[in-house]
**Q** 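First the structure, which I've put down as structure tokens, then a few questions once you've had a look.
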Amino acid sequence: MFVAGGDAERFPFHSEVGVVNWEVSTMQVRKQFPFAVFEPTWQQHWIENSTFRAANPGEPGSEKPKYYALDMFPYPSGAGLHVGHPEGWIATDITSRCRRMRGFNVLHPMGWDAFGLPAEQYAVQTGTHPRDTTEKNIATFRRQIQALGFSYDWSREINTTDPAYYKWTQWIFIQLYKKGLAYVSHAPVWYCPALGTVLANEEVLPTLEGPRSERGNHPVERRPLRQWMLKITAYAERLLADLDQLDWPESLKEMQRNWIGRSEGAEVQFKVASSEVAADGSSAGIADTITVFTTRPDTLFGATYMVLSPEHPFVEKITTSEQRDAVQKYKAEVANKSDLERTDLAKSKSGVFTGAYAINPVNSEKIPIWIADYVLMGYGTGAIMAVPAHDERDHEFAIKYNLPIIEVVESLHSAAGLREADSAPFTGEGHAINSGFLDGLPTAEAKAKMIDWLEEKKLGTRRIQYKLRDWLFSRQRYWGEPFPVIWNGDQHDVISENDLPLTLPELTDYQPSPEGNAPLAKAKDWLKLPDGRIRETNTMPQWAGSCWYYLRYCDPKNEHALIDPAVEKYWMGEKGVDLYIGGAEHAVLHLLYARFWHKVLFDIGVVSTSEPFHKLVNQGMILGEDNRKMSKSWGNVINPDDVVTEYGADSLRLFEMFLGPLEQMKPWSTTGIEGVYRFLGRIWRLVMEENQEGEWLFAPAKVTDAAPSLELLRGLHAGIRKVTEDIEKLQFNTAISALMVLVNDLTKEPVRPRAAIETLLLLLAPFAPHMAEELWHQLGHDKTLAYEPWPQADPKYLVQSESEIVFQVNGKVRGHVTVAAGSSKEVIEAAARALPAFAEWTAGKTIRKVIVVPDKLINFVVG
RNA sequence: GCCGGUGUGGUGAAAUGGCAGACACGACAGACUCAAAAUCUGUUAUACGCAAGUAUGUGGGGGUUCAAGUCCCUCCACCGGCACCA
């Protein structure tokens, strides 16, 4: 899922050898601490000792409370990482390391979302099997990620292209199929000739050049093709309602709400009066019924015409002979229009009269039926009742074609009659006028009463409508999960769960056919079963594997089930994933799809919660130093490997977190990273010194076993509290600044108390784990600090014995006065009145009011 | 157009309605050095002032409050999302 946008393949990270020779040699002289030695050493130590292995139920360690910190797993592209990728991963790693020290059993895994188009396109060009490309890229990504010192449990690494993994992706599809949530459709779908595949609505973006593929920005077009659909619309209500219980950014929840697009309203049935009969004045001769959806049933008295989508099946049936040519011509025009033209808001409305009339059920008025492309076949019933007085689109259309406008809602504020006929329509709520039995009712009541009336007369019904469409789930590609489906003529069925996984056949030619046949159709032996039936040749979209990967981490090796129920209860119980951090670009795709699958799995008893991700945070994008999005074309991409070589992984981790609030977009800064690098150097030199040969050695003379001073202890415990609270709130930038304050205090001491240094290292460990481990080791500890108890702030060092009170006159600071902490208002006022500044600023004035905030300030209001 | 977010020094940014600018970057000055780098120390919102100090200052305007970056109204700019969804 998580492709670094559009970047072309390139050879992974060879720093330009030779070009920067001079720089490199001087840089090596300048290294403030030997990170290049101890960082790889500790990374190896953690892996060899399985330091971060999380305990599953039944294993020692599982008696602890669990914490599940999840990263969005990457698509391993050929371009390798850039510094934006690890931002969220660093954040969850800090949280994970801190939680471990606080006694939690932490699940913090990483894996690969490795199906996808780039490897397949590379295969089309070079014939290299996507599996080989994928393996190579994964090796690169793994090496880069491990160089950053993340505390992943690598025994749980997963890969969506592994048959042992996608066996269960296929298994979930079978469950969807059996529940009737997977079906075949022949409706027109978005097809991308350049990519040789169909795309989901969500993967198509409207652009100035017309609709384009989200990936690669290629033109796309509508084609009627046989496709697999998933009935996500069946879950629309639950997907919407359950958002309320999630601790997600409000903006993201709002995006999902808008995407689901729930509207309450009514369906109303209009009888069609044939125009032939109408021509001779008779109102008999009912031909048919057209159903419309409206959110404003209260305006039914104002419906002066009706509009069908040009694709509406009734159009042929109702069009009169006189209008047939015009209607045919208009339909042809619309069909030839690009979707850009059709959805361009700037263009004026167009449409054609069908010659037919409908009867407004509420007043038996005959109203003309038009077709117009501003009514979409894909929403509601593909037909509307037009109320030009109270809808902007209907109003514009009515003005253009000179259709009647009847006002039926009066604004509560403006008097009736002031509105000119061609001014903007009133679309708000008010009370009903010109509406018979609704007159005088406020909009909400009028809606309810009209619906009751329609239901009673069997002319309509209450209806909830969603914008959400079903999920187009098939792709004409090779490098994806094959569908576990077999066709017998027009009949389809799923294969037995016992025959999973259905693996991909080997191919030599990965090119899709121009007419939209999938590459798998070329695997003749695979395609045809002995009994003559054939396999489905489509594959699943890349979203499939990422829909449920967080479950597989819990039980990655289980051959008998997607996840063991006891394991599921332990890791996913109550709140599911405790913390999920990733980019906002997945707001409606991955996060909606995954929620949908999770609810299906909940319904069939595989998982025990209805929502997968309890708390979700979007990290902000890291921009280039020029404040532009990092991209090869701007030449502003920063490669983490270069940063690690120059400053070390700890510096990179610390800097990305120090840059600013996690959620905010922020530019990279090369000088900024030197700041945190120097900070780490200062910590290093608190206990280490360099000898004549340039070797760093532990300096016992710098460390004392004597107790820290009271002042130092106060600073230390204030620091403990601040760092602990800030990590909990994911405010890593201020946590780091608290660490800096602490280090500045310690630097000033000629000899540092060991206890204070050790506390500092424990607080530092989540942020800069390599240095913390190394110095912890230098101080004589022989075990990793990853499970040392997290320092506790002692309240007795947090209370101050004295408070400095701000002295204000009329809200302006005029001095300070120190009193004993907890002093009464009277004591503070007396102390303030004793200040020389008091006489100076209140001389000749009357004191009208005195405001005292204990331990904070005193304000004299004078005049 | 609608929805959401952001706006604070030269820069990245701090700030339960209670001393705006913590912590860093950069800049300037000093120490160390033959010299430089690194390191250490100090200064650094703006204006006036030798200084003590005074005034001004959190996108613009208005309001609530003893007190507003913070709360309310309104406008502007930028970023993200949606966009003929009836």
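Just so it is clear, the model here is predicted, and its values are computed rather than measured. Side chains included, hydrogens not; waters and symmetry mates left out as well; all remaining heavy atoms used. Just so we're on the same page: letters track the sequence lines, and every chain starts at 1.
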**Q** Does any donor atom in the side chain of A:Glu674 or A:Tyr647 lie under 3.5 Å from an acceptor atom in the other side chain?
**A**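 Present: a donor and an acceptor within the cut-off.
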**Q** Do the non-hydrogen side-chain atoms of A:Phe35 and A:Tyr677 ever get within less than 4.5 Å of each other?
**A**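 Touching, per the 4.5 Å side-chain cut-off.
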**Q** Does B:rA86 have its OP1 or OP2 closer than 4.0 Å to a side-chain nitrogen or oxygen of A:Ser263?
**A** yes
**Q** Mind checking if A:Val741 touches a base, just sugar-phosphate, or nothing, with heavy atoms under 4.0 Å?
**A**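 A:Val741: backbone/sugar contact only, no base atoms under 4.0 Å.
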**Q** Under 3.5 Å, is there any donor-acceptor pair linking the side chain of A:Glu804 to the base of B:rC19?
**A**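 When only heavy-atom distances are counted, A:Glu804 does reach the base of B:rC19 through a donor-acceptor pair under 3.5 Å.
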**Q** Give the dot-bracket string for RNA chain B, reading 5' to 3', where a pair is Watson-Crick or G-U wobble with both distances under 3.5 Å, ( ) marks pairs inside the strand, [ ] marks pairs crossing earlier ones, | marks a partner on another strand, and . marks unpaired.
**A** (((((((..(((.....[....)))((((((.......))))))((((....))))..(((((..]....))))))))))))....
**Q** At 4.0 Å (heavy atoms only), tell me whether A:Val853 reaches a base, stays on the sugar-phosphate, or touches nothing.
**A**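 Touches a base.
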**Q** So, do A:Phe397 and A:Tyr374 have ring centers that fall under 6.0 Å from each other?
**A**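 So the answer is yes for these two rings.
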**Q** Checking all strands, does A:Arg678 fall into the base, sugar-phosphate, or nothing category for heavy-atom contacts under 4.0 angstrom?
**A** sugar-phosphate
**Q** Closest to the A:Glu254 side chain: B:rC3, B:rU54, B:rA13?
**A** B:rC3
**Q** Toward the 5' end of RNA chain B, which comes first, A:Thr381 or A:Glu392, by nearest nucleotide?
**A**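 Result: A:Glu392.
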**Q** Atom CZ of A:Arg262 and atom C1' of B:rC3: how far apart are they, to the nearest Å?
**A**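 Between C1' of B:rC3 and CZ of A:Arg262: 18 Å.
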**Q** For A:Arg257 and A:Glu250: C-alpha separation, side-chain torsions, deciding distance, then whether salt bridge (charged side-chain N to carboxylate O under 4.0 Å, His left out) applies.
**A** CA-CA 10 Å; A:Arg257 287 189 192 109; A:Glu250 198 48 46; 3.1 Å; yes
**Q** Taking atom P of B:rC82 as reference, at what distance in whole Å does atom NZ of A:Lys467 sit?
**A** 10 Å
**Q** Has the side chain of A:Asn258 got a donor or acceptor atom sitting under 3.5 Å from an opposite partner on the base of B:rC82?
**A** no
**Q** Within the 4.0 Å heavy-atom criterion, would you say A:Gly675 contacts the bases, only the backbone, or no part of the nucleic acid?
**A** sugar-phosphate
**Q** Provide, to the nearest angstrom, the distance between the CD atom belonging to A:Gln664 and the C1' atom belonging to B:rA13.
**A**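 My rounded result for the distance is 8 Å.
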**Q** Please confirm whether any donor atom in the side chain of A:Lys349 sits under 3.5 Å from an acceptor in the base of B:rC84, or the reverse.
**A** yes
**Q** If the glycosidic angle sits within 90 degrees of zero it is syn, else anti. Tell me which applies to B:rG21.
**A** anti
**Q** Base, sugar-phosphate, or nothing: which does A:Thr747 touch, judged by heavy atoms less than 4.0 Å apart?
**A**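 Result for A:Thr747 = nothing.
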**Q** Look at the side chain of A:Lys812 against the base of B:rU54 and say whether a donor-acceptor pair falls under 3.5 Å; ignore hydrogens and angles.
**A**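 In this structure, the two groups form no donor-acceptor pair.
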**Q** Let me know, please, whether A:Ile851 or A:Gly672 comes out on the 5' side of the other along RNA chain B by nearest nucleotide.
**A** A:Gly672
